[in-house]
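Structure record follows, encoded as structure tokens.
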Amino acid sequence: MAKLKVAGTWGGILEVELENWTLPMLRDEVAKRSGLDPESIKLICAGKILKDDGDDSKTLAQLGIKENSKILSSRGAAPEEGKSIMAEEERSRRLFRVKAAATALSKRHADGSLPIEDYNIELEDQGGHQVKFGTETDQSAAMMGLMLHTKGKSLIEIEMYADALEVLAMAEESFLLCDPKILELVDNIPIMEIDIVWCYFLLRDLKCLSDAGFRLEKARKGLERAHGKDLSRVRLLQAGQCPELALYVRLELLEGVVAYHTGQNDKALSALKSAHAKLLHLQIPDETLSLVMSMGFKEKDAKRALRLNNKDIATSVDFLIEERAKRAQKHKDDLQRQKEILEQKTFGVTPMKKAVDLQMLDRLVLIGYARNLAAESLRRHENDFQKALDALTSPEVNSSIQVYLESRKRKRQEQQVGITVDELVSMGFERGQATSALEFGGKREDIIHRLLSLSEPNNGIAFVSGFAFTANDSATSSNNNKAVSETEDSEMEDDTADEIATNGEEKERDLEINGEEEERDHEIEEDIADEIAKVDALSAYDINLDKEVEAINEYLVMLDTSQDSG
């Protein structure tokens with residue numbers, strides 16, 4: 001018997017015979033244990049929704065499920081009536097692309113490898129400080145879960161609730177890969193549980209009640225761990241402010257809804273009244289909001305500030321000014337990081353596919369080594385400072401690195417002009433003259449014409465170390481002196497930072513080190529990066545409560561009616 005680890009609508013270990021059990025059998029067993037309709041259960045393994053493609057006879061082994069596989073069970077919304085198979089397949093492909101893109105982004109940023117796409121994605125706490133979660137596996141899984149959670153939230157905002165449920169299920173699967181102890185003191189997981197139940201509610205799917213109750217109970221316990229008993233820990237972190245109040249309005253509303261539909265009217269009334277009281281506390285008078293907005297702040301920012309500062313206008317304005325300064329500094333830091341990423345790209349990656357460590361590079365430069373030389377030594381030695389320094393102090397190794405860098409520079413020049421030294425030599429030119437002509441630069445035709453002119457007597461031109469001089473024509477002399485100056489500037493730049501490599505050279509370098517070129521989904525990656533860029537430390541608590549207002553009033557009326565009829 002093989003063991004499968006199941007999480008989601010029901011969590012536990014199932015013992016199955018992979019060679020005999022089919023997908024419908026597994027779905028029925030999970031549905032029975034979770035108390036749900038088998039048709040409503042979706043099973044996900046390795047980021048893919050398990051489907052038998054109409055062939056119920058396929059065994060779990062034939063579907064690629066192995067011993068100790070992790071299965072995520074989720075309650076999916078029923079497809080709309082008349083929805084075409086092609087549309088459903090397109091939706092599945094789109095969701096799979098989201099999962100694949102988030103996976104790729106999380107791996108590139110979590111393990112320190114070169115962020116080829118120039119996105120600067122890092123985990124930050126509410127103070128804006130970078131956070132590292134345990135091992136690289138934990139870091140990658142946490143980052144991936146947070147990215148998918150952000151994507152799920154964006155889908156909720158545009159009312160694509162079924163798609164949001166799928167993406168949130170992927171986020172949950174990613175978080176399951178983390179060490180649970182690492183995530184106990186953050187509220188991202190409880191918030192995700194609330195978002196999943198919020199999707200159930202907006203889809204009006206009462207079949208999910210048992211799962212909803214289970215998730216809300218987990219969310220309540222998780223928030224207590226993260227925020228402290230009576231919110232003591234979050235009050236300390238937020239200097240007495242209460243940004244999370246809107247989140248508790250949604251939580252208590254959903255607790256009240258589940259209680260109402262399971263016949264627990266007293267519990268439902270208590271939860272809904274508590275949510276209503278918090279809602280009244282969060283309501284901002286129109287005139288107060290307008291006054292803060294008249295000072296040049298956006299409605300969303302003004303509302304957030306007034307909620308955080310108990311509707312006090314002066315304190316709210318001070319808060320907004322401080323937040324604006326923080327955003328400006330963050331923008332400045334992001335630009336600096338982008339500049340660093342561009343520089344790292346010119347140095348390539350280490351044999352273990354890590355970027356060159358710029359802090360260690362700065363230390364070597366301070367000692368007196370040229371920047372590109374020090375970077376290459378660090379790259380070769382996996383950012384080991386002492387080994388890189390030993391290599392640079394060795395005359396033989398130092399010389400070999402310089403030869404390699406000169407070779408790279410020459411290849412880049414050959415790519416730019418479209419002709420190589422060997423090609424020029426095959427045309428009958430001397431190697432020394434061909435090399436000098438390439439270093440001087442210009443188009444292919446110009447280089448060949450320049451070399452041909454060398455064979456003409458008394459032309460007054462001679463190549464010395466790549467610089468062209470003439471003694472007979474003052475106009476030509478002026479132009480050539482300009483060229484000399486430009487070339488010298490270029491050489492000086494090479495001493496501090498290597499030029500940005502061409503796309504062809506970057507691909508060649510990646511293939512040389514990695515063995516193959518990574519296939520990437522630029523469109524979805526950019527989409528995810530753009531959505532993350534809109535998120536800040538308090539975004540999780542920025543909840544538009546319009547739907548909550550309607551729902552609380554609706555269920556309070558329903559409770560009153562049921563009590564009157566009783």
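Small disclaimer: the values here were computed from a predicted structure and weren't measured. Basis for what follows: all heavy atoms, side chains included, without hydrogens, waters or symmetry-related copies.
A donor-acceptor pair under 3.5 Å links the side-chain atoms of S69 to the main chain of K66, judged by distance alone. At distances below 3.5 Å, at least one donor-acceptor pair connects side-chain atoms of Q62 with backbone N or O atoms of T59. Of the possible polar contacts, none joining the S270 side chain to the D266 backbone as a donor-acceptor pair under 3.5 Å is found. For the pair N309 (side chain) and D312 (backbone), a donor-acceptor distance under 3.5 Å is absent. Judged by distance alone, the side chain of T150 and the main-chain N or O of L146 form a donor-acceptor pair under 3.5 Å. Looking only at distances, a side-chain donor or acceptor of K311 sits under 3.5 Å from a matching main-chain atom of H281.
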Working for salt bridge (charged side-chain N to carboxylate O under 4.0 Å, His left out), residues R215 and E172: CA-CA 12 Å; R215 289 186 181 279; E172 183 176 42; 2.9 Å; yes

Stepwise side-chain contact (heavy atoms from CB on, under 4.5 Å) test for V249 and L545: CA-CA 8 Å; V249 170; L545 295 172; 4.2 Å; yes

CA sep, side-chain torsions, deciding dist, call: K547, E550, salt bridge (charged side-chain N to carboxylate O under 4.0 Å, His left out): CA-CA 5 Å; K547 285 186 172 63; E550 295 176 6; over 6 Å; no

Steps toward side-chain contact (heavy atoms from CB on, under 4.5 Å) verdict (I158, L155): CA-CA 5 Å; I158 58 177; L155 290 170; 4.1 Å; yes

side-chain contact (heavy atoms from CB on, under 4.5 Å) between L14 and R33, worked out: CA-CA 10 Å; L14 280 183; R33 291 174 183 254; 3.2 Å; yes

CA sep, side-chain torsions, deciding dist, call: L148, V98, side-chain contact (heavy atoms from CB on, under 4.5 Å): CA-CA 8 Å; L148 289 170; V98 169; 3.8 Å; yes

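Taking CD1 of I194 as the reference point, atom CD1 of I543 lies at 7.5 Å (rounded to 0.5 Å). Annotation: the span from N544 atom CG to K303 atom NZ amounts to 6.0 Å, rounded to 0.5 Å. Note: E67 CD to I65 CD1 = 12.5 Å, rounded to the nearest 0.5 Å.
Put simply, the side chain of V197 does not reach to within 4.5 Å of the side chain of L251, judged on heavy atoms. Contact annotation: the side chain of L320 never approaches that of M295 to less than 4.5 Å [non-hydrogen atoms, C-beta and beyond]. With contacts defined as side-chain heavy-atom distances shorter than 4.5 Å, the pair H331/R327 does not qualify. Counting heavy atoms from C-beta outward, E252 and R220 have side chains that approach closer than 4.5 Å.
At a cut-off of 3.5 Å, with distance as the only test, no side-chain donor of N188 or H149 sits close to an acceptor on the other residue.
Remark: K267 engages no residue in a salt bridge (charged side-chain N to carboxylate O under 4.0 Å, His left out) (not counting sequence neighbours). With sequence neighbours excluded, the residues that form a ring-ring contact (aromatic ring centres under 6.0 Å, His included) with Y260 are Y555.
The neighbour count for K273 NZ, taken as heavy atoms of other residues, nucleotides or ligands under 6.0 Å away, does not exceed 12. Other residues, nucleotides and ligands contribute only 12 or fewer heavy atoms inside 6.0 Å of the CG atom of D286. The environment of K278 atom NZ is dense: over 12 non-hydrogen atoms of other residues, nucleotides or ligands sit within 6.0 angstrom.
F201 carries R204 over the face of its six-membered ring, with the cationic atom under 6.0 Å from the centre and within 45° of the normal.
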